[in-house]
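Keep in mind it's a predicted model, so treat the numbers as computed, not measured.
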Amino acid sequence: MDRNSFERALLFGFGSAVIHLSNCNNSTEYNDILFEYSIKDSAYDVQCEGTKAQYLWDLIKQVGNMEELQSRIINSLKDDNPGIYQQQVFELGILFYKESNYNPISIMLENCRYDKEYGCFIGCDELAEVADKNQILFLANLIAARFQEDEYYDGESFFIENLQKRFDDDYLKGLFRDLLEHNKKFEKYFIKELNYTPQKYTYLRPTYEEIKAKLLEYNPVPSYHKMCPWARKAEEFELQLVEHDINHSSDTQLVRELLYAFSLVPYKGNVEKVLGFLDNPTLSESAVCALKWKSDKRIRKKAINIISSALNWYDYIPLLLNNYQTGDYKLIFLMCNNDYDEDLWHVIQTRMNEMFDKYENTYCHELYALLYKHNRCTICRKKMVGYMLRDRFDDSVILNELKRDVNIETREIIKSLN
């Protein structure tokens, strides 16, 4: 594996990078690359996927001069550079502390700073997992001081919760006695977190006429976000009203919005007219939402023609959900053999996971391998791995890589085979 291949493996979170380093006999050749990836966000969607801390630690353990690299990573916290992904560095620091001889806690405490963009002290929640009594008080005083100077600050999300995993409530009340007596905002925060229960979200669903009136305002907010949650709670007669308007309204914009109601609930209306919407650039994307629920030779014929020729062929894959025939995976494999950016690969993977969920792929494992190599989203990859194993995917190289994948749940799926 050359350096470019190694860096690509890091970007995708492939286990091949871990395997390669384990065979390099404590080499320091890749330390600079590992440092750069340790202090930057390289996840496809970090809000959903989380950091790569555990994966990076698995890599760091394979190199020569490990403690020097650990120190270099932790000391990056001293650099007040917004480009440094501090959350990941703090998570790595906790792993260093728990699983090696290197102790980074004092540096982490000194550089636990309030981040205005995120509205919290980065690293505070993680430090609560390992801090001793005095260190916990230091962090609590940071929080208390912030309450005094910032009226909009609402505390740290998991600081108290993480402490509760280590200590009972009476101990924490005693530890924070002075703060609780002299800082009312901290006291309010502490009591709230100590007795925290998740709040259930209640969706106040409007009537069909009310939401239809909103749609007619042509609000720029995507209609999917209006119609999808509404339709999931809709009565059958309301969905019939939507179907009626789709088939009888002359307002193209309104019809486009209404079709999104069937993103997650079945469309039971007429096929003929909606099938014609596939030729209308304004309606084609939303028409797929309704037609994907129908089994119809005309839909299949249209789907195959579009998938074989359109630039955005991947948007029409759902039309095969109820019109699949053996051999369709081969067609999709052929269409995938082009250059796409990472977001389009993600779209293709998402669409294909719906197909794999419904139809086994025992004859085109090349499609699994191709998607594995090109999609960066580790959540979609994890989901596909389940289908790969169901369909007896037997590429030993990829299966071995998956044992060390960046996604911990993917690793567990593979381990469960043994």
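- Take Asp315 and apply the side-chain hydrogen bond (donor to acceptor under 3.5 Å, both in side chains) test, not counting sequence neighbours, and it matches Asn312, Arg351.
- Under the 4.0 Å criterion applied to side-chain N and carboxylate O atoms, Asp405 and Arg381 are assigned as salt-bridge partners.
- One finds the CH2 atom of Trp57 at 10.5 Å from the OG atom of Ser38 (value rounded to the nearest 0.5 Å).
- Rounding to the nearest 0.5 Å gives a distance of 7.0 Å between CD1 of Ile107 and CD1 of Ile74.
- One finds the OG atom of Ser263 at 9.0 Å from the CH2 atom of Trp293 (value rounded to the nearest 0.5 Å).
- Counted within 6.0 Å of NZ on Lys192, heavy atoms from surrounding residues, nucleotides or ligands total 12 or fewer; the atom is thus considered open.
- Tyr368 and Phe356 have their aromatic ring centers within a separation under 6.0 angstrom.
- Smallest separation of non-hydrogen atoms from Leu92 and Ala53: CD2-O, 3.3 Å.
- Atoms CG and CG, on Asn111 and Asp80 in that order, are 9.0 Å from each other to the nearest 0.5 Å.
- Side chains of Ser42 and Tyr85: a donor-acceptor N/O pair is absent below 3.5 angstrom, by distance only.
- Distance CD1/Ile60 to CZ/Phe96: 4.0 Å, rounded to 0.5 Å.
- Using a 4.5 Å heavy-atom cutoff, the side chains of Val347 and Tyr340 are not in contact.
- A donor-acceptor pair is defined here as one N or O able to donate and one able to accept, closer than 3.5 Å; such a pair exists between the side chain of Asp125 and the backbone of Phe159.
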